[in-house]
Amino acid sequence: MPSSPRHFDRFYAVVARIPRGRVATYGQVARLAGLPGHARLVGYAMAALPDGTRLPWHRVVNARGEISLRRDGPGHHVQRVRLRRESVRFDGRDRIALTEFLWRPRGPAATPSPGSRRAR
DNA sequence: GCAATGACGCTCT
DNA sequence: CAGAGCGCCATTG
C-alpha cells in the first residue's frame with residue numbers, strides 16, 4: 001500500500017507479542033506502542049489488516065473485555081471462535097474476564113514492590 | 001478542504 | 001452497571 005501510517009506498524013509489532021490464550025485492550029496496545037490515548041487508531045489499524053494476515057488480531061478487545069466488532073458482522077463471530085479455541089472464555093454477557101485473561105507484559109507482576117503504587 | 005464516521009477509552013450522570 | 005458526552009485521529013465522500 002502506498003500510504004501506510006508509521007503508527008500502524010508499531011501497533012502490529014505489539015499485537016504480535018500477545019501470547020496465545022491472552023487478550024489485550026486497544027488502549028493497552030496503544031500504550032505499549034508508545035502512543036497512549038490513541039486506542040482508536042489501534043482499532044483503525046486492525047481494520048486495515050489484509051485478509052489472511054498471521055497477526056493475532058483476534059486477541060485485541062475493548063476495555064470492557066468485549067469484542068468491539070459489530071455483532072451483525074462476520075468478523076465478530078470469527079474473533080469469538082478463534083478466542084474460544086485458545087481457551088479464552090466468555091461469560092453470559094459475551095464478555096471476557098479481563099482479571100484473568102488480560103495480557104500482563106513485564107512479568108507475572110505477582111510481586112508488587114512495597115511503596116510502589118499503581119498510577120491509575 | 002470540510003464534515004461525517006468509526007474494530008476506542010475515560011469521566012460524569 | 002448502563003448511557004451520554006467529549007477527545008483523538010485516519011479514512012472517506
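To find a chain, count down the sequence lines: A is the first, B the second, and so on, and within it residues start at 1.
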Once hydrogens and angles are ignored, does a donor-acceptor distance under 3.5 Å link the base of dC8(C) to the side chain of R40(A)?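 Indeed, a donor on one side and an acceptor on the other fall under 3.5 Å apart.
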Assign R71(A) to base, sugar-phosphate, or nothing according to its heavy-atom contacts below 4.0 angstrom with the strands shown.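 Since no nucleic acid heavy atom lies under 4.0 Å of R71(A), the category is nothing.
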Identify whether any heavy atom of A63(A) sits under 4.0 Å from a base atom; if not, whether one sits that close to sugar-phosphate; answer base, sugar-phosphate or nothing.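 Sugar-phosphate, backbone atoms only, no base.
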Report the distance from atom [atom1] of [X] to atom [atom2] of [N], rounded to the nearest whole Å.
X: D51(A); N: dA7(B); atom1: CG; atom2: C1'; answer: 14 Å
X: R70(A); N: dT5(B); atom1: CZ; atom2: P; answer: 13 Å
X: Q28(A); N: dG9(B); atom1: CD; atom2: C1'; answer: 13 Å
X: F8(A); N: dC9(C); atom1: CZ; atom2: P; answer: 13 Å
X: F11(A); N: dC8(B); atom1: CZ; atom2: C1'; answer: 11 Å
X: Y26(A); N: dC8(B); atom1: OH; atom2: C1'; answer: 8 Å
X: Y12(A); N: dA10(C); atom1: OH; atom2: C1'; answer: 12 Å
X: E66(A); N: dG9(B); atom1: CD; atom2: P; answer: 12 Å

Any sub-3.5 Å donor-acceptor pair from [X]'s side-chain atoms to [Y]'s backbone N or O?
X: Y12(A); Y: A45(A); result: yes
X: R10(A); Y: A33(A); result: yes
X: D91(A); Y: D94(A); result: yes

Does any non-hydrogen side-chain atom of E86(A) lie less than 4.5 Å from one of H58(A)?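 Yes, side chains in contact.
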On DNA chain C, check which nucleotide each of G37(A) and Y44(A) is closest to and give me the residue with the more 5' one.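 Comparing both residues, the 5'-ward one is G37(A).
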Does dA2(C) have OP1 or OP2 under 4.0 Å away from a side-chain N or O of R95(A)?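 Checking dA2(C) against R95(A), a side-chain N or O does come within under 4.0 Å of OP1 or OP2.
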With respect to the phosphate group of dC9(C), does any side-chain polar atom (N or O) of H38(A) fall under 4.0 Å of OP1 or OP2?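 So the side-chain polar atoms of H38(A) do come within 4.0 Å of the phosphate oxygens OP1 or OP2 of dC9(C), strictly under.
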Kindly point out which of [options] is positioned nearest to the side chain of [X]?
X: W57(A); options: dA7(B), dG9(B), dA10(C); result: dA7(B)
X: L69(A); options: dA7(B), dG7(C), dT11(C); result: dA7(B)
X: R93(A); options: dC9(C), dA2(C), dC8(B); result: dA2(C)

Could you please spell out the steps behind the side chain to side chain contact (heavy atoms under 4.5 Å, CB included) verdict for I67(A) and F90(A)? CA-CA 10 Å; I67(A) 292 174; F90(A) 291 77; 4.1 Å; yes
